[in-house]
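Throughout, a chain's letter reflects where its sequence line sits, starting with A, and its residues are numbered from 1. In what follows, every heavy atom counts, from backbone to side chain, and hydrogens, waters and symmetry copies are set aside.
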Amino acid sequence: MRFSQLLIPTLKETPAEAEIISHQLMLRAGFIRKLASGIYSYLPLGLRSIRKVEQIVREEMNKAGAQELLLPMVQPSDLWQESGRWQKYGPELLRFTDRHKRESCLGPTHEEVITDLVRKNVHSYRSLPINLYQIQTKFRDEIRPRFGLMRGREFIMKDAYSFDATDIDAGLTYEKMNDAYHRIFKRCGLSFRAVEADSGTIGGSYSHEFMVLADTGEDTIVVCRECSYAANTEKARAMETPIPEPVEQLPLKKIETPGKRKVKAVCEFLDIFPENLVKTLIYVADGKPVAVLLRGDHEVQEVKLQNLLGADEIRLTDDKETFDFTGTPTGYLGPVGLHLRIVADLEVLKMANFTVGANEKNFHLQNVNRGRDFTVDETADLRMITEKDRCPQCGGELELTRGIEVGHIFKLGTTYSEALKATFLDDQGQEIPFIMGCYGIGVSRTVASSIEQNHDKDGIIFPLPIAPFQAILLNLSTRDKEITAAAESLYEELTKQGIEVLIDDRDERPGIKFKDADLIGIPFRVMVGKSLTKEGKIEIRDRKSGETISVTQQEAGDRIKQMIETAMAECRV
RNA sequence: CGGGGCGUGGCGCAGCCUGGUUAGCGCGCCUGCCUUGGGAGCAGGAGGUCGGAGGUUCGAAUCCUCUCGCCCCGACCA
């Protein structure tokens, strides 16, 4: 294709609205333009990259035995009523009423629709397993869209749904998808990790997230330096260690701690370590207060807490609410004599003779012991993992790193098939619900994360498999007949060979073409200019390494083809 | 929704505090000349009723009120 004819509105300056690098570069490189908050147009170059990712996804999904279909984006409310999510889903679900006063929504995900399709059309174990996917625009009315394509309200997603007859089969399907996802992201040239994850609101029992490693990622993930363990911090388990032998319980002591509210201040004042203090936090879970006990140096992992409480919504109380619930100002709370539901982190069970607030302003209690002085209603692993923790799998050192979630696979079990009464007859003639799984990939986000991971001061550096073009051919002097003829004939040759090449045939100075070529990140830059007329040479430059080689006009075509093949091989699986 | 910030030609910004005639600059765009290996130079030109509405005033980009949009931090998630 010709640069002169494509809509590639590159920008010299970064638009003020863009904060992170991928967003800035996609705007500058003319890949996307914003229409409204979280809603973008994909311009020709951006769309080409997206299509590349889609194609890889398609190939791997098909190879894994899944079938492509396309489901409606507009969905009737009835189905969502049936699954119970019409109430549950909240404002992210964009709802509207049509001319017949029927309520509908824009599909944020398609469990309901696919389950309905399958329950109406699949009735026997003989038809299973079945795995259906689509690549489609989704709409989620995000509270706060941001970072360009990274968190848009409208975005392109591949979503797949599997239906199996048995748990064992469902497990096999899950593994197949896990494998396909590894292949997909490897083929996209991304550096990523699959991590254990919380299954969130989609519901289900078991899940993994595929995280592209990037500092601007919105998620923190925990990775073991020694073994394969990797998890989202929402899920990362604290290593289970034995509860120490009981020690002698010292007599309870009430002590004045005037104005000492923060853990740090209390510890300094009493000359103790945070490891020997238990802090008490008051949360509201679906409107009801609950006290959470945690070792002084630990932080709550709210998703773990939410799962333990089985609540739809939890939040930390503010100072006023805390006082209303407990009669004690924040900073002096403790479990002794507290008349609230009390849950404790596992680590608290291992402590003895510790310090807590006395539920009285300016006082703390020392030598507190669970059992003797208070009881807890429930205990669980509730805290955020830190780099000081050890791997729950092998005991190795852990590393915390940032990641962008580009894929997520879930075992759904029978959550949806039961709700929607989607059943089949097994080999005994028994009617049982399908065992489901669902598998998503953020396609547009994948392109953005690739840029997040691969760029330099000059612009994007695309991995070859998802670059909008494989090569960009610069005609550095469109007014020179010899150069133009050579560039045009090489362009034809490459195009005939099936290479995706963009020829920069604009009547511009070389500097502009170099800058634009770097900015849009095409992996190979072929330059036809002065050195052709002077030395008979054409140069080929590698965008990533910056290495440039000179070849004769005759060998140029073959060399480029060979370089592309070599680079593609690196991302093959 | 809570907290912070911003809306002035396509992009980046100044002007606003302390109202005053034709609203300015850089880039981009158009024409001509010139130039062609890292975003050149010269000359000429087009393009903005200053997000919108109302108000104060002889006079509003500037002051006041309301409103809309956008961005950042938090709850959400591919």
Side-chain angles (χ1 to χ4, degrees), chain A residues 9-20 23-24 27-28 30 33-39 53 57 89-93 108-110 135-160 181 197-202 207 209-212 218-219 232 234 302-303 306 313-316 318 404-410 438-449 458-459 474-480 483 506-519 525 527-534 537 539 541 548:
Chain A
T10 58
L11 299 172
K12 266 189 182 175
E13 286 177 284
T14 304
E17 70 188 48
E19 191 80 0
I20 66 165
H23 189 196
Q24 295 176 347
L27 287 169
R28 284 193 54 209
R33 284 294 182 267
K34 186 175 68 187
L35 180 62
S37 180
I39 300 179
V53 173
V57 168
Y89 212 94
E92 279 81 51
L93 187 64
T109 174
H110 282 67
I135 297 173
Q136 184 205 39
T137 296
K138 294 281 186 275
F139 194 93
R140 293 184 189 172
D141 201 358
E142 293 282 344
I143 304 168
R144 185 152 87 85
R146 61 186 132 171
F147 303 150
L149 294 194
M150 212 59 99
R151 179 171 300 286
R153 293 195 291 164
E154 190 179 291
F155 60 99
I156 299 175
M157 177 170 162
K158 185 283 302 183
D159 47 328
Y181 272 43
D198 183 75
S199 31
T201 50
I202 292 189
S207 85
E209 287 171 347
F210 288 76
M211 310 289 288
V212 167
E218 293 186 80
D219 298 275
N232 193 309
E234 293 173 357
E302 295 193 349
V303 173
Q306 186 167 3
E313 193 209 335
I314 63 163
R315 63 184 171 81
L316 193 58
D318 60 29
I404 302 161
E405 183 185 351
V406 289
H408 202 159
I409 58 179
F410 297 84
C438 82
Y439 319 90
I441 289 179
V443 172
S444 36
R445 183 185 278 183
T446 298
V447 174
S449 3
D458 294 314
L474 307 188
N475 176 345
L476 294 173
S477 185
T478 48
R479 297 186 193 168
D480 182 306
I483 288 170
R506 295 175 297 172
D507 180 24
E508 293 286 358
R509 299 163 57 83
I512 289 177
K513 299 191 177 187
F514 293 142
K515 288 289 182 188
D516 275 343
D518 285 348
L519 180 61
R525 186 216 290 176
M527 292 162 283
V528 183
K530 257 187 199 159
S531 47
L532 179 76
T533 41
K534 282 189 182 152
K537 290 293 176 70
E539 289 119 311
R541 184 182 164 95
T548 307

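Pairing for rU35(B) is absent, judged as Watson-Crick or G-U wobble with the two contacts each under 3.5 Å. Base pairing of rG44(B) is made with rC30(B), judged by Watson-Crick or G-U wobble geometry with both donor-acceptor distances under 3.5 Å. Nucleotide rG59(B) forms a pair with no other nucleotide shown, judged by Watson-Crick or G-U wobble geometry with both contacts under 3.5 Å. Pair assignment for rG2(B) gives rC73(B), based on Watson-Crick or G-U wobble hydrogen-bonding distances that are each under 3.5 Å. In a base pair of the Watson-Crick type (N1 to N3 plus N6-O4 or O6-N4) or a G-U wobble (N1-O2 and O6-N3), with each distance short of 3.5 Å, rU65(B) is matched with rA53(B).
Taking 4.0 Å as the cut-off between side-chain N and carboxylate O, Arg525(A) and Asp518(A) count as a salt-bridged pair.
Residues passing the ring pair (Phe, Tyr, Trp, His ring centres under 6.0 Å) test with Phe210(A) are Tyr181(A), His182(A), Phe185(A), sequence neighbours excluded.
Here rU36(B) is the nucleotide among rU36(B), rC77(B), rA75(B) with the atom lying nearest to any side-chain atom of Arg509(A). Listed nucleotides: rG39(B), rU36(B), rC77(B). Nearest to the side chain of Ser477(A): rU36(B).
Judged by centroid separation below 5.5 Å and plane tilt below 30°, Phe514(A) does not stack onto the base of rG39(B).
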All N/O pairs under 3.5 Å across the protein-nucleotides 69-73 of chain B interface:
unit_1, atom_1, unit_2, atom_2, d
rC70(B), OP1, Ser37(A), N, 2.9
rC70(B), O3', Lys34(A), NZ, 2.9
rC71(B), OP2, Ser37(A), OG, 2.9
rC73(B), OP2, Arg144(A), NH1, 2.9
rC73(B), OP2, Arg144(A), NH2, 2.6
rC73(B), O5', Arg144(A), NH2, 3.4

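Side-chain nitrogen and oxygen atoms of Arg151(A) include none within less than 4.0 Å of the OP1 or OP2 phosphate oxygen of rC77(B).
In this model, a side-chain donor or acceptor of Arg525(A) finds a partner on the base of rG38(B) within 3.5 Å. In this model, a side-chain donor or acceptor of Ser531(A) finds a partner on the base of rG37(B) within 3.5 Å.
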*Using a 4.0 Å cut-off on protein heavy atoms (strictly under), produce a 5'-to-3' string for nucleotides 23-31 of chain B with B for base contact, S for backbone-only sugar-phosphate contact, and - for none.*
---BSS---

